[in-house]
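Scroll down for the structure; my scribbles are underneath it.
What's counted below: heavy atoms across the whole structure, side chains too, no hydrogens, waters or symmetry copies.
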Amino acid sequence: MPIRDRLLALFVAVLWGCNFLAIHATLGHFPPLFAAGLRFLVIAIPTVLFVPWPRVKPRYLIGYGLGFGTLQFAFLFVALDKGMPTGLSSLVLQASAPFTVLLGAVVLREKVTGRQWAGILLAVAGMSAIAWQQAEHAALLPVILTLLGALSWAFGNLSTRKAQPDNPLHLTLWMSVVPPLPLFALSMATEGPSAAWTSLTTVTSHTGLIAIAGLSYVVVFGTIVGSGIWTTLMGRHPAGVVAPFSLLVPVVGMSVAFLVLGERHNAIEIGAAVVVIAGVLLGSLRKRTAPVPEALDPLPEPATAQRVTD
């Protein structure tokens, strides 16, 4: 992997790590479920008009949209609104990786290696330490909601594996068509129409303008730019080479939350974060196989794995 592509992967990790700060800004004005619906609606409209259909079965696109889009962001946005620390949320969402491995074993009958089991156990140990620390501060519910968001992301990952799109970016963009209606319906049922209407009519206020800036960042840089670069890198290099760069997302997220929001974490939480990242890395890396002689090199396999953080 050339230095240019490594820098691009690092750039995407920075974009996605800052995503959580942008979400924090968005939730400072909009109700959480309504904000999640807006986040996807802004992408869905130009997608329907200008982006080609990804040529996958509709049920897989709907499954991806409900898992990765609707449920993940509903749980995540509500968790952040209920007090989940912004930086810590970027770490807890990494639980989607071991969840994906376990669901793949149960639903798709995929084999789980000893290395993956070890990584899962490490990640679970780290998550348990974080949950224990948050429970001491009466903040366990936001952690549970964030973990449910990670589990929903894992269900979405299963749909993308079954879909096998020829253009993963097109699938990611078209997935945005699914979440707006269910998210707006949930917002109407739980937050009420008056909260959404008030947030729209006061959007020119100071908090409203900050929220619009945060939403714009999530849509433009977090989704379109970040996912576009990431998909390109996945097409150029093996998934096992590119995917570990996503583990820098919580590092960036927690660092930005510390610098901008003043979030502080004790030694146990920092140690648990290192354990979680090590577990996810251990579970996602594959053993290197012996290189094939150049004359016998097969055609490169298309990259089907994709890791997107909004």
Side-chain angles (χ1 to χ4, degrees), residues 16 19-45 47-48 61-86 88-90 92-93 95-96 99 134 139-156 159 172-205 207-220 222-223 253 257 261 308-310:
W16 286 346
N19 236 4
F20 293 87
L21 183 63
I23 293 172
H24 174 85
T26 303
L27 296 181
H29 182 78
F30 293 108
L33 294 174
F34 185 69
L38 283 178
R39 173 246 186 274
F40 285 105
L41 181 64
V42 172
I43 301 176
I45 294 175
T47 293
V48 172
L61 182 131
I62 293 173
Y64 183 28
L66 290 177
F68 177 84
T70 306
L71 293 176
Q72 180 196 181
F73 284 91
F75 284 126
L76 174 62
F77 278 36
V78 172
L80 289 167
D81 187 64
K82 295 295 183 183
M84 181 68 183
T86 303
L88 206 58
S89 67
S90 66
V92 175
L93 270 184
S96 64
F99 279 149
Q134 291 299 306
L140 181 59
L141 177 60
V143 175
I144 294 175
L145 291 173
T146 308
L147 284 171
L148 288 174
L151 180 61
S152 301
W153 183 355
F155 274 108
S159 294
T172 299
L173 294 174
W174 268 92
M175 174 276 301
S176 299
V177 177
V178 177
L181 286 180
L183 285 171
F184 286 142
L186 286 171
S187 175
M188 290 284 289
T190 61
E191 298 165 346
S194 60
W197 179 249
T198 300
S199 67
L200 289 176
T201 56
T202 58
V203 76
T204 56
S205 64
T207 58
L209 293 176
I210 293 176
I212 290 297
L215 184 64
S216 300
Y217 179 94
V218 171
V219 171
V220 176
T223 302
L261 303 178
V308 177
T309 304
D310 259 312

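Using a 4.5 Å cut-off on side-chain heavy atoms (C-beta onward), I212 and F30 make contact. Inter-residue side-chain proximity for L151 and F75 is flagged as unmet; no heavy-atom pair is nearer than 4.5 Å. A heavy-atom distance below 4.5 Å is not found between the side chains of M84 and L145. Side chains of L80 and P32 form no contact here, defined as non-hydrogen atoms less than 4.5 Å apart. For the pair T223/R39, a side-chain contact is recorded, criterion being any heavy-atom separation below 4.5 Å from C-beta on.
At distances below 3.5 Å, at least one donor-acceptor pair connects side-chain atoms of W16 with backbone N or O atoms of G222. Put simply, the side chain of S96 never gets that close to the backbone of S152: no donor and acceptor are under 3.5 Å apart.
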Please tabulate, for side-chain N and O atoms in residues 182-190, each donor-acceptor pair with protein atoms closer than 3.5 Å (sequence neighbours left out).
from	atom 1	to	atom 2	distance (Å)
S187	OG	E191	OE1	2.6
T190	OG1	L186	O	2.7

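How far OG1 of T207 is from CG of L27: 12.0 Å, rounded to the nearest 0.5 Å. For the atom pair OG of S90 and CG of L76, the computed distance is 10.0 Å after rounding to the nearest 0.5 Å. Of the inter-residue distances, the one linking F77 atom CZ with H24 atom NE2 reads 12.5 Å to the nearest 0.5 angstrom. In this structure, CG on L33 lies 10.5 Å from OG1 on T70, to the nearest 0.5 angstrom.
For the side-chain contact (heavy atoms from CB on, under 4.5 Å) test, no residue two or more places apart in sequence or in another chain qualifies with L209. Residues satisfying the ring pair (Phe, Tyr, Trp, His ring centres under 6.0 Å) test with F155, not counting sequence neighbours, are none. Every side-chain contact (heavy atoms from CB on, under 4.5 Å) that L61 has, sequence neighbours left out, goes to W53, P54, V56, L171, W174, V178. Residues forming a side-chain contact (heavy atoms from CB on, under 4.5 Å) with I62 (at least two apart in sequence, or on another chain): L66. Every residue meeting the side-chain contact (heavy atoms from CB on, under 4.5 Å) condition with A22, not counting sequence neighbours, appears here in chain and number order: Y217, V218.
Between T146 and A79, the closest heavy-atom pair is OG1-CB, 3.4 Å. For the residue pair L215 and A35, the shortest heavy atom distance occurs at CD1-O, 4.5 Å. Nearest heavy-atom pair across S176 and A44 is O-CB, 3.5 Å. Of all heavy-atom pairs between T26 and A211, the closest is OG1-O, 3.5 Å. Nearest heavy atom pair, residue G65 against residue P179, reads O-CG, 3.7 Å.
Ring geometry, F68 versus Y64: the interplanar angle falls from 30° to 60°, so the pair is classed tilted.
Sequence neighbours left out, the pairs with a member in residues 195-204 that pass side chain to side chain donor-acceptor pair (under 3.5 Å) are H29-T202.
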